[in-house]
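Working notes, beginning with the structure itself.
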2 protein chains.
Amino acid sequence: MKISDVAAQSGLSIDTLRFYEKIGLIDPPPRDGAGRRDYDPQVLGWIRFLDQLNATGMKQADRIRYARLRAEGPQTCAQRREMLEAHREQVALQLEQVKNTLALMDRKVALYRDMEQEMIENV
Amino acid sequence: MKISDVAAQSGLSIDTLRFYEKIGLIDPPPRDGAGRRDYDPQVLGWIRFLDQLNATGMKQADRIRYARLRAEGPQTCAQRREMLEAHREQVALQLEQVKNTLALMDRKVALYRDMEQEMIENV
DNA sequence: GCTTGAGCTGGAGTGTACTCCAGCCCGTAA
DNA sequence: TTACGGGCTGGAGTACACTCCAGCTCAAGC
(Lines give C-alpha, C1' and ligand atoms only; values in the text may rest on other atoms or scores of the structure.)
Protein backbone atom coordinates (compact mmCIF):
# COMPACT_ATOMS: atom_id res chain seq x y z
CA MET A 1 0.00 0.00 0.00
CA LYS A 2 1.12 3.53 -0.79
CA ILE A 3 1.28 6.09 1.96
CA SER A 4 -1.68 7.92 0.44
CA ASP A 5 -3.79 4.74 0.68
CA VAL A 6 -2.84 4.23 4.31
CA ALA A 7 -3.67 7.87 4.99
CA ALA A 8 -7.06 7.58 3.29
CA GLN A 9 -7.98 4.37 5.08
CA SER A 10 -6.61 5.20 8.51
CA GLY A 11 -7.74 8.79 8.75
CA LEU A 12 -4.23 9.96 9.61
CA SER A 13 -2.55 12.49 7.34
CA ILE A 14 0.49 11.54 5.28
CA ASP A 15 2.57 13.87 7.43
CA THR A 16 1.33 12.19 10.57
CA LEU A 17 2.18 8.76 9.21
CA ARG A 18 5.75 9.86 8.53
CA PHE A 19 5.87 11.57 11.92
CA TYR A 20 4.67 8.37 13.65
CA GLU A 21 7.38 6.47 11.85
CA LYS A 22 9.99 9.00 12.91
CA ILE A 23 9.08 8.75 16.59
CA GLY A 24 8.84 4.97 16.48
CA LEU A 25 5.08 4.40 16.65
CA ILE A 26 5.01 2.69 13.26
CA ASP A 27 7.69 0.37 11.93
CA PRO A 28 9.54 1.78 8.93
CA PRO A 29 7.92 0.01 5.97
CA PRO A 30 9.99 -1.41 3.11
CA ARG A 31 10.55 0.87 0.13
CA ASP A 32 9.73 0.27 -3.53
CA GLY A 33 12.30 0.68 -6.29
CA ALA A 34 11.92 4.45 -6.21
CA GLY A 35 12.40 4.70 -2.46
CA ARG A 36 8.71 5.15 -1.67
CA ARG A 37 7.13 3.55 1.39
CA ASP A 38 5.23 0.35 0.66
CA TYR A 39 3.05 -0.57 3.63
CA ASP A 40 1.69 -3.95 4.66
CA PRO A 41 -2.10 -3.50 5.03
CA GLN A 42 -1.78 -4.96 8.53
CA VAL A 43 -0.51 -1.56 9.61
CA LEU A 44 -4.13 -0.38 9.49
CA GLY A 45 -5.07 -2.56 12.44
CA TRP A 46 -2.12 -1.32 14.42
CA ILE A 47 -3.03 2.31 13.65
CA ARG A 48 -6.59 1.71 14.76
CA PHE A 49 -5.31 0.36 18.05
CA LEU A 50 -2.96 3.33 18.47
CA ASP A 51 -5.95 5.60 17.87
CA GLN A 52 -7.89 3.87 20.58
CA LEU A 53 -5.05 4.21 23.05
CA ASN A 54 -4.80 7.84 22.03
CA ALA A 55 -8.52 8.48 22.35
CA THR A 56 -8.46 7.01 25.85
CA GLY A 57 -5.71 9.37 26.88
CA MET A 58 -2.55 7.29 26.69
CA LYS A 59 0.46 9.59 26.38
CA GLN A 60 2.62 9.57 23.26
CA ALA A 61 5.63 8.47 25.32
CA ASP A 62 3.75 5.41 26.57
CA ARG A 63 2.44 4.53 23.14
CA ILE A 64 6.00 4.70 21.89
CA ARG A 65 7.13 2.47 24.71
CA TYR A 66 4.40 -0.03 23.86
CA ALA A 67 5.26 0.12 20.16
CA ARG A 68 8.91 -0.52 20.94
CA LEU A 69 8.04 -3.57 23.07
CA ARG A 70 5.78 -4.83 20.31
CA ALA A 71 8.58 -4.47 17.79
CA GLU A 72 10.90 -6.48 20.04
CA GLY A 73 8.74 -9.55 19.65
CA PRO A 74 6.87 -12.07 21.76
CA GLN A 75 9.31 -12.07 24.67
CA THR A 76 7.90 -8.69 25.71
CA CYS A 77 4.34 -9.97 26.19
CA ALA A 78 4.44 -9.68 29.94
CA GLN A 79 5.55 -6.06 29.86
CA ARG A 80 2.95 -5.19 27.28
CA ARG A 81 0.30 -6.89 29.35
CA GLU A 82 1.35 -4.88 32.38
CA MET A 83 1.11 -1.66 30.42
CA LEU A 84 -2.32 -2.57 29.14
CA GLU A 85 -3.53 -3.56 32.59
CA ALA A 86 -2.33 -0.23 34.00
CA HIS A 87 -4.01 1.68 31.21
CA ARG A 88 -7.13 -0.44 31.58
CA GLU A 89 -7.55 0.90 35.09
CA GLN A 90 -7.27 4.46 33.82
CA VAL A 91 -9.84 3.76 31.15
CA ALA A 92 -12.22 2.20 33.66
CA LEU A 93 -12.03 5.35 35.79
CA GLN A 94 -12.54 7.43 32.71
CA LEU A 95 -15.60 5.40 31.81
CA GLU A 96 -17.15 6.23 35.18
CA GLN A 97 -16.32 9.88 34.73
CA VAL A 98 -17.76 10.03 31.24
CA LYS A 99 -20.95 8.35 32.48
CA ASN A 100 -21.23 10.86 35.32
CA THR A 101 -20.70 13.76 32.99
CA LEU A 102 -23.30 12.43 30.59
CA ALA A 103 -25.82 12.18 33.43
CA LEU A 104 -24.88 15.64 34.67
CA MET A 105 -25.34 17.16 31.25
CA ASP A 106 -28.73 15.53 30.93
CA ARG A 107 -29.77 17.04 34.25
CA LYS A 108 -28.48 20.45 33.21
CA VAL A 109 -30.24 20.30 29.88
CA ALA A 110 -33.50 19.44 31.67
CA LEU A 111 -32.92 22.30 34.09
CA TYR A 112 -32.34 24.77 31.29
CA ARG A 113 -35.50 23.58 29.57
CA ASP A 114 -37.46 24.23 32.77
CA MET A 115 -35.94 27.68 33.07
CA GLU A 116 -36.80 28.50 29.49
CA GLN A 117 -40.35 27.34 30.07
CA GLU A 118 -40.64 29.47 33.17
CA MET A 119 -39.38 32.53 31.34
CA ILE A 120 -42.09 32.07 28.74
CA GLU A 121 -44.77 31.76 31.42
CA ASN A 122 -43.58 34.91 33.16
CA VAL A 123 -43.93 37.16 30.14
CA MET B 1 -11.53 31.77 50.36
CA LYS B 2 -7.92 32.50 49.53
CA ILE B 3 -6.54 31.41 46.20
CA SER B 4 -4.41 28.76 47.92
CA ASP B 5 -7.55 27.24 49.46
CA VAL B 6 -9.31 27.12 46.12
CA ALA B 7 -6.22 25.54 44.60
CA ALA B 8 -6.02 22.91 47.32
CA GLN B 9 -9.69 22.03 47.11
CA SER B 10 -10.10 22.17 43.36
CA GLY B 11 -6.91 20.46 42.35
CA LEU B 12 -5.96 23.31 40.02
CA SER B 13 -2.72 25.17 40.62
CA ILE B 14 -2.71 28.79 41.72
CA ASP B 15 -1.24 29.72 38.37
CA THR B 16 -4.00 27.88 36.56
CA LEU B 17 -6.66 29.66 38.60
CA ARG B 18 -5.21 33.04 37.64
CA PHE B 19 -4.88 31.86 34.06
CA TYR B 20 -8.53 30.74 33.98
CA GLU B 21 -9.52 34.13 35.27
CA LYS B 22 -7.45 35.86 32.64
CA ILE B 23 -9.05 33.95 29.78
CA GLY B 24 -12.55 34.34 31.19
CA LEU B 25 -13.30 30.86 32.51
CA ILE B 26 -13.68 32.09 36.08
CA ASP B 27 -15.24 35.39 37.10
CA PRO B 28 -12.74 37.79 38.68
CA PRO B 29 -13.38 37.44 42.42
CA PRO B 30 -13.56 40.47 44.74
CA ARG B 31 -10.31 41.51 46.43
CA ASP B 32 -9.55 41.90 50.13
CA GLY B 33 -8.01 45.08 51.59
CA ALA B 34 -4.56 44.07 50.38
CA GLY B 35 -5.69 43.37 46.83
CA ARG B 36 -5.74 39.60 47.22
CA ARG B 37 -8.43 37.48 45.57
CA ASP B 38 -11.23 36.43 47.90
CA TYR B 39 -13.27 33.66 46.31
CA ASP B 40 -16.83 32.60 46.98
CA PRO B 41 -16.73 28.87 47.77
CA GLN B 42 -19.36 28.35 45.07
CA VAL B 43 -16.54 28.68 42.56
CA LEU B 44 -15.55 25.12 43.48
CA GLY B 45 -18.71 23.69 41.93
CA TRP B 46 -18.13 25.67 38.78
CA ILE B 47 -14.51 24.48 38.57
CA ARG B 48 -15.64 20.89 39.01
CA PHE B 49 -18.02 21.31 36.10
CA LEU B 50 -15.31 22.91 33.98
CA ASP B 51 -13.10 19.93 34.78
CA GLN B 52 -15.77 17.56 33.62
CA LEU B 53 -16.22 19.42 30.36
CA ASN B 54 -12.45 19.39 30.00
CA ALA B 55 -12.13 15.70 30.78
CA THR B 56 -14.74 14.93 28.16
CA GLY B 57 -12.82 16.82 25.53
CA MET B 58 -14.54 20.17 25.31
CA LYS B 59 -12.17 22.73 23.80
CA GLN B 60 -10.98 25.70 25.82
CA ALA B 61 -12.61 28.08 23.32
CA ASP B 62 -16.00 26.42 23.86
CA ARG B 63 -15.63 26.36 27.61
CA ILE B 64 -14.87 30.07 27.45
CA ARG B 65 -17.93 30.63 25.30
CA TYR B 66 -20.06 28.72 27.80
CA ALA B 67 -18.55 30.64 30.72
CA ARG B 68 -19.28 33.92 29.00
CA LEU B 69 -22.92 32.93 28.40
CA ARG B 70 -23.23 31.86 32.02
CA ALA B 71 -21.85 35.20 33.17
CA GLU B 72 -24.44 37.00 31.05
CA GLY B 73 -27.26 35.59 33.12
CA PRO B 74 -30.46 33.58 32.70
CA GLN B 75 -31.40 34.97 29.31
CA THR B 76 -28.66 32.81 27.77
CA CYS B 77 -30.18 29.53 28.98
CA ALA B 78 -31.24 28.42 25.53
CA GLN B 79 -27.79 28.93 24.05
CA ARG B 80 -26.15 27.11 26.93
CA ARG B 81 -28.60 24.26 26.56
CA GLU B 82 -27.77 24.01 22.88
CA MET B 83 -24.06 23.87 23.66
CA LEU B 84 -24.60 21.17 26.24
CA GLU B 85 -26.79 19.15 23.93
CA ALA B 86 -24.15 19.31 21.22
CA HIS B 87 -21.43 18.29 23.63
CA ARG B 88 -23.67 15.58 25.06
CA GLU B 89 -23.68 13.90 21.67
CA GLN B 90 -19.90 13.97 21.56
CA VAL B 91 -19.71 12.50 25.03
CA ALA B 92 -22.16 9.74 24.15
CA LEU B 93 -19.96 8.74 21.20
CA GLN B 94 -16.93 8.88 23.43
CA LEU B 95 -18.66 6.60 25.92
CA GLU B 96 -19.11 3.98 23.23
CA GLN B 97 -15.50 4.30 22.20
CA VAL B 98 -14.21 4.02 25.74
CA LYS B 99 -16.36 0.92 26.29
CA ASN B 100 -15.00 -0.65 23.11
CA THR B 101 -11.44 0.10 24.08
CA LEU B 102 -11.97 -1.35 27.53
CA ALA B 103 -13.29 -4.56 26.00
CA LEU B 104 -10.43 -4.65 23.51
CA MET B 105 -7.85 -4.22 26.22
CA ASP B 106 -9.42 -7.01 28.21
CA ARG B 107 -9.19 -9.29 25.18
CA LYS B 108 -5.57 -8.30 24.61
CA VAL B 109 -4.63 -8.86 28.23
CA ALA B 110 -6.19 -12.32 28.08
CA LEU B 111 -4.32 -13.02 24.86
CA TYR B 112 -1.01 -11.98 26.36
CA ARG B 113 -1.68 -14.18 29.38
CA ASP B 114 -2.25 -17.13 27.05
CA MET B 115 0.96 -16.37 25.20
CA GLU B 116 2.92 -16.13 28.41
CA GLN B 117 1.48 -19.46 29.53
CA GLU B 118 2.41 -21.04 26.23
CA MET B 119 5.95 -19.77 26.49
CA ILE B 120 6.28 -21.36 29.91
CA GLU B 121 4.97 -24.68 28.60
CA ASN B 122 7.38 -24.62 25.68
CA VAL B 123 10.47 -24.26 27.84
C1' DG C 1 11.26 14.18 -23.85
C1' DC C 2 8.79 17.04 -21.01
C1' DT C 3 5.32 18.02 -17.76
C1' DT C 4 2.75 16.63 -13.81
C1' DG C 5 1.93 14.61 -9.53
C1' DA C 6 3.10 11.77 -5.78
C1' DG C 7 6.51 10.99 -2.57
C1' DC C 8 11.00 12.03 -0.23
C1' DT C 9 14.01 14.60 3.53
C1' DG C 10 15.27 17.72 7.27
C1' DG C 11 13.83 21.26 9.69
C1' DA C 12 10.89 25.10 11.02
C1' DG C 13 6.31 26.53 12.57
C1' DT C 14 1.71 26.07 14.94
C1' DG C 15 -2.06 25.57 18.42
C1' DT C 16 -3.44 24.34 22.90
C1' DA C 17 -3.13 24.64 27.57
C1' DC C 18 -0.83 25.65 30.83
C1' DT C 19 3.62 26.80 33.91
C1' DC C 20 7.24 29.53 35.49
C1' DC C 21 9.67 33.72 36.63
C1' DA C 22 11.32 38.42 38.23
C1' DG C 23 10.33 41.86 40.88
C1' DC C 24 7.04 43.92 43.58
C1' DC C 25 3.61 44.62 47.90
C1' DC C 26 1.56 43.45 52.32
C1' DG C 27 0.48 41.49 56.92
C1' DT C 28 1.76 38.57 60.67
C1' DA C 29 5.02 36.32 63.98
C1' DA C 30 9.54 36.42 66.46
C1' DT D 1 11.21 46.02 63.15
C1' DT D 2 12.54 43.04 60.29
C1' DA D 3 12.21 38.72 58.19
C1' DC D 4 8.98 35.52 56.04
C1' DG D 5 5.38 33.66 53.58
C1' DG D 6 1.83 34.37 50.53
C1' DG D 7 -0.10 36.92 46.91
C1' DC D 8 0.23 40.25 42.94
C1' DT D 9 1.37 41.53 37.77
C1' DG D 10 2.96 41.09 33.03
C1' DG D 11 5.30 38.47 30.21
C1' DA D 12 8.29 34.69 28.81
C1' DG D 13 8.84 29.71 28.51
C1' DT D 14 7.38 24.80 28.07
C1' DA D 15 5.28 20.31 26.65
C1' DC D 16 2.80 17.85 23.55
C1' DA D 17 1.33 16.44 19.18
C1' DC D 18 1.29 17.40 15.15
C1' DT D 19 1.54 20.33 10.51
C1' DC D 20 3.72 22.77 6.97
C1' DC D 21 7.40 23.97 3.83
C1' DA D 22 11.36 24.21 0.41
C1' DG D 23 13.64 21.86 -2.61
C1' DC D 24 14.56 17.51 -4.39
C1' DT D 25 13.71 12.73 -7.09
C1' DC D 26 11.20 9.63 -9.79
C1' DA D 27 7.73 7.38 -12.98
C1' DA D 28 4.07 7.66 -16.06
C1' DG D 29 1.09 9.81 -19.47
C1' DC D 30 0.75 12.89 -23.40
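Note on naming: letters A, B, ... go to the chains in the order of the sequence lines (proteins, then strands), and numbering restarts at 1 for each one.
- Taking atom CD1 of residue A/Ile14 and atom P of nucleotide D/dC21, one finds them 15 Å apart after rounding to whole Å.
- Regarding A/Leu17, its CG atom lies at a distance of 10 Å from the P atom of C/dC8, rounded to whole Å.
- Partners of A/Tyr112 by ring-ring contact (aromatic ring centres under 6.0 Å, His included), not counting sequence neighbours: none found.
- DNA chain D lies under 4.0 Å from at least one heavy atom of each of the following residues of residues 30-47 of chain A: A/Ala34, A/Arg36.
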Pairwise N/O distances under 3.5 Å, protein to nucleotides 10-20 of chain D:
from   : atom 1 : to      : atom 2 : distance (Å)
D/dA17 : OP1    : A/Gln60 : N      : 3.2
D/dA17 : OP2    : A/Gln60 : N      : 3.4
D/dC18 : OP2    : A/Tyr20 : OH     : 2.9
D/dC18 : OP2    : A/Gln60 : NE2    : 3.3
D/dC18 : OP2    : A/Arg63 : NH2    : 3.3

Using atom types as modelled, flag every donor-acceptor pair under 3.5 Å from a side chain in residues 22-36 of chain A to any protein atom, sequence neighbours excluded.
from    : atom 1 : to      : atom 2 : distance (Å)
A/Arg31 : NH1    : A/Gly35 : O      : 2.9
A/Asp32 : OD1    : A/Ala34 : N      : 2.9
A/Asp32 : OD1    : A/Gly35 : N      : 3.1
A/Asp32 : OD1    : A/Arg36 : N      : 2.9
A/Asp32 : OD2    : A/Arg36 : NE     : 3.3

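- Residues in residues 42-60 of chain B take part in no salt bridge (charged side-chain N to carboxylate O under 4.0 Å, His left out) pair, two or more places apart or across chains.
- Rounding to whole angstrom units, NZ of residue B/Lys2 and P of D/dC8 are separated by 11 Å.
- Contact annotation for A/Ile23: no contact, since no heavy-atom pair falls under 4.0 Å across all strands.
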Assess whether side-chain contact (heavy atoms from CB on, under 4.5 Å) is satisfied between A/Arg18 and A/Arg37, documenting all intermediate values.
CA-CA 10 Å; A/Arg18 288 196 285 245; A/Arg37 292 171 178 78; 3.5 Å; yes
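- Atom-to-atom, CZ of A/Arg18 to P of C/dT9 comes out at 7 Å; the value is rounded to the nearest Å.
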Evaluate B/Arg70 against B/Trp46 for side-chain contact (heavy atoms from CB on, under 4.5 Å), listing each step before the verdict.
CA-CA 10 Å; B/Arg70 178 172 174 273; B/Trp46 171 237; 3.2 Å; yes
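- Every residue meeting the ring-ring contact (aromatic ring centres under 6.0 Å, His included) condition with B/Phe49, not counting sequence neighbours, appears here in chain and number order: B/Tyr66.
- Contact check for B/Lys108 versus A/Arg80: no side-chain heavy atoms found under the 4.5 Å cut-off.
- Counting heavy atoms from C-beta on, the side chains of B/Arg68 and B/Thr76 never come closer than 4.5 Å.
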